[in-house]
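Below: the structure, in structure tokens.
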Amino acid sequence: MGTSTRWEGPRWSGLNSRLARWDPDRSDTEATVTSAIAALQNSCRADPSAFGLRDAACAAGARLADAMETLGAAGPSGLLDKDQVHEDFAPEAEGDQLDWQDPADAFVAELTRQVGGEGSTIVDAALRRAIAASAQRLLTTHPEIRESLTGPDGSSPGRGLAGDLLCLLYQWFFADLVTEFLHAVIAEKIKLTVPVLEVIDSEGRIADGVAERIIALIPNPCEEAEAQAAEAAKAALSVNDDSAEADVPLSDVARRLVPGVVGKVLGFAVDALGEEEVPA
């Protein structure tokens with residue numbers, strides 16, 4: 001799946017057949033969405049290491065949880081503070097490219113770098129497109145974040161993002177990852193089967209359908225954190241007769257959920273979304 005040779009995608013006969021007969025005006029979008037998700041999940045169940053998607057998604061999810069911790073504490077400005085490791089290892093040409101005229105663009109680029117990594121496989125590219133799309137959606141749906149970055153006072157240092165925004169980012173990322181990976185597969189199959197058709201799903205019907213179904217599988221870390229805090233407070237009350245509110249860091253909850261989330265969206269038999277590992 002490297003970049004030196006053309007990747008022709010997995011041999012998903014059912015999906016390939018649908019794509020070979022694809023007609024944007026007449027084809028059944030919902031059936032295509034079902035076929036695409038089923039093809040991916042069946043492949044992952046048959047071979048948990050398929051495409052390297054499971055390991056890459058788990059690693060990226062953990063990195064996203066780290067970024068959530070920073071965003072929650074200091075907001076986008078905290079993420080944009082160049083860490084020493086990045087400065088030491090970035091070449092001069094790359095370092096020059098880090099100076100963005102639009103701080104919002106810098107935020108998207110830095111979050112993409114931190115979460116998506118620098119790998120060269122199809123999955124790595126899907127990871128980067130997914131986190132970039134999620135970050136852009138966050139800025140679009142919550143313009144106050146963009147305004148804080150571009151306002152006269154700069155990036156409002158020290159003002160962390162609200163937990164509900166971080167949880168949206170988390171859920172969107174995993175849904176966008178599946179969508180972007182399937183989009184890469186579909187794009188390659190269309191090029192191979194119908195070379196004259198350069199654009200498929202121009203209205204985003206397939207992508208939206210995939211994202212809607214996948215996001216329904218992903219738990220909200222905020223709700224999980226609230227539930228854990230309530231349980232911890234209840235346990236403390238029974239032991240110490242102390243009703244003090246328990247502190248459950250959102251980023252820790254998000255990190256613990258990652259293996260179960262990945263297992264769920266990739267179709268593994270994971271009954272409970274928690275700290276359990278997906279199949280080895």
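For clarity, every value in this text was computed on a predicted model and none was experimentally measured. Note that these values count all heavy atoms, side chains included, but never hydrogens, waters or copies made by symmetry.
- Atoms CD1 and CG, on Ile145 and Leu161 in that order, are 5.0 Å from each other to the nearest 0.5 Å.
- Sorted by first and then second residue, the pairs that involve residues 29-40 and meet salt bridge (Lys or Arg N to Asp or Glu O under 4.0 Å), not counting sequence neighbours, are Glu30-Arg213.
- Residue pairs meeting the side-chain hydrogen bond (donor to acceptor under 3.5 Å, both in side chains) criterion with at least one partner in residues 62-73, sequence neighbours excluded, are Asp66-Arg255.
- Here Ser49 contributes atom OG and Asp55 contributes atom CG; the two are 8.0 Å apart, rounded to the nearest 0.5 Å.
- Using a 3.5 Å distance cut-off with no hydrogens or angles, the side chains of Glu224 and Gln228 do not pair a donor with an acceptor.
- Thr179 and Asp176 form no side-chain donor-acceptor contact under 3.5 Å, judged by distance and modelled atom types alone.
- Take Arg129 and apply the salt bridge (charged side-chain N to carboxylate O under 4.0 Å, His left out) test, not counting sequence neighbours, and it matches Glu180.
- Interatomic distance, CG of Asp105 versus CG of Leu149, reported as 10.0 Å (0.5 Å rounding).
- Heavy atoms only, all atoms of each residue included: Leu40 and Leu266 are closest at CD2-CD2, 4.3 Å.
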* salt bridge (charged side-chain N to carboxylate O under 4.0 Å, His left out) between Arg146 and Asp102, intermediate numbers included -> CA-CA 10 Å; Arg146 179 183 292 274; Asp102 185 348; 3.6 Å; yes
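- Aromatic ring orientation, Phe51 versus Phe181: tilted (interplanar angle from 30° to 60°).
- Checked by atom type and distance alone, the side chain of Ser134 pairs as donor or acceptor with a backbone atom of Ala130 at under 3.5 Å.
- How far CG of Asn220 is from CD1 of Ile215: 9.5 Å, rounded to the nearest 0.5 Å.
- The two residues Ile122 and Ala184 have their closest heavy-atom pair at CG2-CB, 4.1 Å.
- The two residues Val248 and Ala225 make their nearest non-hydrogen contact at CB-O, 4.1 Å.
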* Asked: Could you go step by step and tell me if Leu139 and Val108 meet the side-chain contact (heavy atoms from CB on, under 4.5 Å) rule?
  -> CA-CA 9 Å; Leu139 293 174; Val108 173; 3.7 Å; yes
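- From Arg205, atom CZ reaches atom CG of Asp28 across 9.5 Å, with rounding to the nearest 0.5 Å.
- Scanning for disulfide bond (SG atoms under 2.5 Å apart) contacts around Cys44 gives an empty result, with sequence neighbours left out.
- Counting all heavy atoms, side chain and backbone alike, Gly267 lies closest to Arg45 at O-NH1, 2.7 Å.
- The minimum heavy-atom distance linking Gly117 with Arg128 is given by the pair O-NH1, 3.3 Å.
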Below 3.5 Å, can you tabulate the donor-acceptor pairs from side chains in residues 163-174 to any protein atom, sequence neighbours excluded?
unit_1: Tyr170; atom_1: OH; unit_2: Ala254; atom_2: O; d: 2.7
unit_1: Gln171; atom_1: NE2; unit_2: Ile218; atom_2: O; d: 3.1

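- With rounding to the nearest 0.5 Å, the separation of CG in Leu127 from CG in Leu177 is 5.0 Å.
- Remark: Glu212 pairs with no residue by the salt bridge (charged side-chain N to carboxylate O under 4.0 Å, His left out) rule, at least two apart or across chains.
- Nearest heavy atom pair, residue Val210 against residue Ile37, reads CA-CD1, 4.2 Å.
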